[in-house]
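I have placed the structure first, in the form of structure tokens, so that the comments after it can refer back to it.
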Amino acid sequence: MKSQVEILFDEYRKIRKIDLNIDQFSYILNLYPSLLVCMCDGVLDKEEWDGVLNLANGLAEEYGDGLDQDGKDKLAQLFRTEFRYLLENIERWKKKFLNALKNKLEGNKDDKEFVLESMYLFANAADGISDIEQQTIDELSDRLALSH
């Protein structure tokens with residue numbers, strides 16, 4: 001029987017036609033709450049987008065074993081494209097991503113810490129953490145059963 005993450009991954013690939021594997025998609029899933037924090041004030045600040053770009057480059061390095069620089073650049077572009085798509089289509093995917101993520105995080109302390117720390121990192125990217133960002137982090141933490 002497929003996990004919620006695998007079911008979501010299949011659905012997402014049907015719509016997006018992306019060349020990502022399940023591990024890469026799971027990493028995007030872990031970062032999804034951070035994207036929500038970035039957009040909670042309705043504006044993606046330059047510093048927040050720079051953080052997203054840096055993250056895409058880091059993911060390409062991490063998952064680009066065996067790729068030459070051109071291949072890593074293409075993988076980074078793929079991550080950037082998916083992050084932008086998710087930022088522009090929050091309402092379409094929010095419930096599905098958060099439900100799958102909550103299921104994935106159950107009993108996984110390391111991933112829970114990563115998700116929480118990532119949200120704070122992105123919230124702090126531009127002029128500290130605003131009230132709306134903190135409120136969003138609190139709401140997401142409660143929804144995902146993160147300890148904060």
Side-chain angles (χ1 to χ4, degrees), residues 1-13 16 18-67 72-73 75-148:
M1 189 163 138
K2 287 188 174 186
S3 70
Q4 276 191 303
V5 172
E6 291 169 320
I7 292 167
L8 177 62
F9 179 56
D10 290 344
E11 179 182 349
Y12 189 81
R13 284 195 317 177
R16 293 296 295 156
I18 56 168
D19 187 24
L20 289 177
N21 64 40
I22 189 74
D23 290 337
Q24 293 163 333
F25 181 77
S26 291
Y27 209 93
I28 290 173
L29 184 62
N30 281 352
L31 292 166
Y32 187 75
S34 299
L35 298 177
L36 296 178
V37 170
C38 286
M39 287 303 293
C40 69
D41 59 1
V43 177
L44 183 66
D45 299 320
K46 181 189 181 321
E47 294 87 357
E48 291 168 334
W49 181 242
D50 287 346
V52 171
L53 295 179
N54 288 336
L55 186 62
N57 292 335
L59 286 172
E61 286 297 321
E62 182 173 335
Y63 288 106
D65 289 343
L67 296 177
K72 289 179 183 178
D73 290 344
L75 185 56
Q77 180 61 46
L78 178 63
F79 281 119
R80 283 192 297 273
T81 300
E82 292 316 303
F83 290 143
R84 180 172 294 282
Y85 169 77
L86 289 169
L87 286 165
E88 293 171 350
N89 294 277
I90 288 172
E91 290 310 312
R92 178 174 191 161
W93 295 102
K94 183 177 181 179
K95 184 177 180 182
K96 292 175 183 183
F97 266 64
L98 292 178
N99 287 343
L101 182 58
K102 181 176 183 181
N103 181 268
K104 177 183 180 288
L105 293 175
E106 286 177 5
N108 193 327
K109 186 175 185 270
D110 290 342
D111 277 0
K112 283 184 177 187
E113 287 177 10
F114 174 82
V115 170
L116 186 61
E117 289 173 10
S118 296
M119 287 191 293
Y120 276 106
L121 183 69
F122 274 84
N124 208 22
D127 301 325
I129 300 171
S130 69
D131 290 342
I132 187 71
E133 288 170 330
Q134 186 60 59
Q135 180 182 345
T136 302
I137 290 170
D138 292 343
E139 289 171 2
L140 289 168
S141 295
D142 289 344
R143 175 144 183 209
L144 297 171
L146 306 176
S147 55
H148 66 288

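Because the structure is a prediction, the values reported are computed rather than measured.
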Starting at [atom1] of [X], measure out to [atom2] of [Y] and round the result to the nearest 0.5 Å.
X: Phe122; Y: Leu44; atom1: CZ; atom2: CG; result: 9.5 Å
X: Thr136; Y: Asp131; atom1: OG1; atom2: CG; result: 10.5 Å
X: Phe25; Y: Leu29; atom1: CZ; atom2: CG; result: 6.0 Å
X: Lys96; Y: Asn99; atom1: NZ; atom2: CG; result: 10.5 Å

Self-check item: Closest non-hydrogen atom pair between Leu146 and Val115, with its separation
Solution: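 Residues Leu146 and Val115, closest heavy atoms: CD1-CG1, 3.9 Å.
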Quiz item: Taking all atoms of both residues into account, what is the closest heavy-atom pair of Ala100 and Val5, and its distance?
Solution: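 Minimum heavy-atom contact is O-CG2, 4.0 Å.
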Partner residues of [X] under the side-chain contact (heavy atoms from CB on, under 4.5 Å) criterion, sequence neighbours left out:
X: Glu61; answer: Gln69, Lys72
X: Arg16; answer: Tyr12, Ile18, Thr81, Glu82, Tyr85
X: Asp65; answer: none

Considering only distance and modelled atom types, tabulate donor-acceptor pairs under 3.5 Å from the side chains of residues 102-110, sequence neighbours left out.
unit_1, atom_1, unit_2, atom_2, d
Asn103, ND2, Gln4, OE1, 3.4
Lys104, NZ, Asn30, OD1, 2.9
Lys104, NZ, Asp111, OD2, 2.8
Asn108, OD1, Asp111, N, 3.1
Asn108, ND2, Asp111, OD2, 3.2
Lys109, NZ, Glu113, OE2, 2.8

Is the closest side-chain heavy-atom distance between [X] and [Y] below 4.5 Å?
X: Leu98; Y: Leu140; answer: yes
X: Trp93; Y: Leu8; answer: yes
X: Tyr120; Y: Gln134; answer: yes
X: Asp138; Y: Gln135; answer: no
X: Tyr27; Y: Asp23; answer: no

Donor-acceptor pairs under 3.5 angstrom involving side-chain atoms of residues 31-42: please list them, not counting sequence neighbours.
unit_1, atom_1, unit_2, atom_2, d
Tyr32, OH, Lys94, N, 3.3
Ser34, OG, Ser118, O, 3.3
Ser34, OG, Met119, N, 3.2
Asp41, OD1, Val43, N, 3.0

Exercise. Ignoring hydrogens and angles, tell me if any N or O in the side chain of Lys112 forms a donor-acceptor pair with the backbone of Ala145 under 3.5 Å.
Key: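 Yes; judged by distance alone, with no hydrogens or angles, the pair exists.
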Side-chain atoms of residues 49-60: list all donor-acceptor pairs with protein atoms under 3.5 Å, sequence neighbours left out, distances to 0.1 Å.
unit_1, atom_1, unit_2, atom_2, d
Asp50, OD1, Lys46, NZ, 3.4
Asp50, OD2, Lys46, NZ, 2.7
Asn54, ND2, Asp50, O, 3.3
Asn57, OD1, Arg80, NH1, 3.1
Asn57, ND2, Leu53, O, 3.4

Practice problem: Report the C-alpha separation of Phe79 and Gln24 in whole Å, then their side-chain angles, then the decisive distance to 0.1 Å, and conclude whether the side chain to side chain contact (heavy atoms under 4.5 Å, CB included) test is met. | Solution: CA-CA 9 Å; Phe79 281 119; Gln24 293 163 333; 4.0 Å; yes
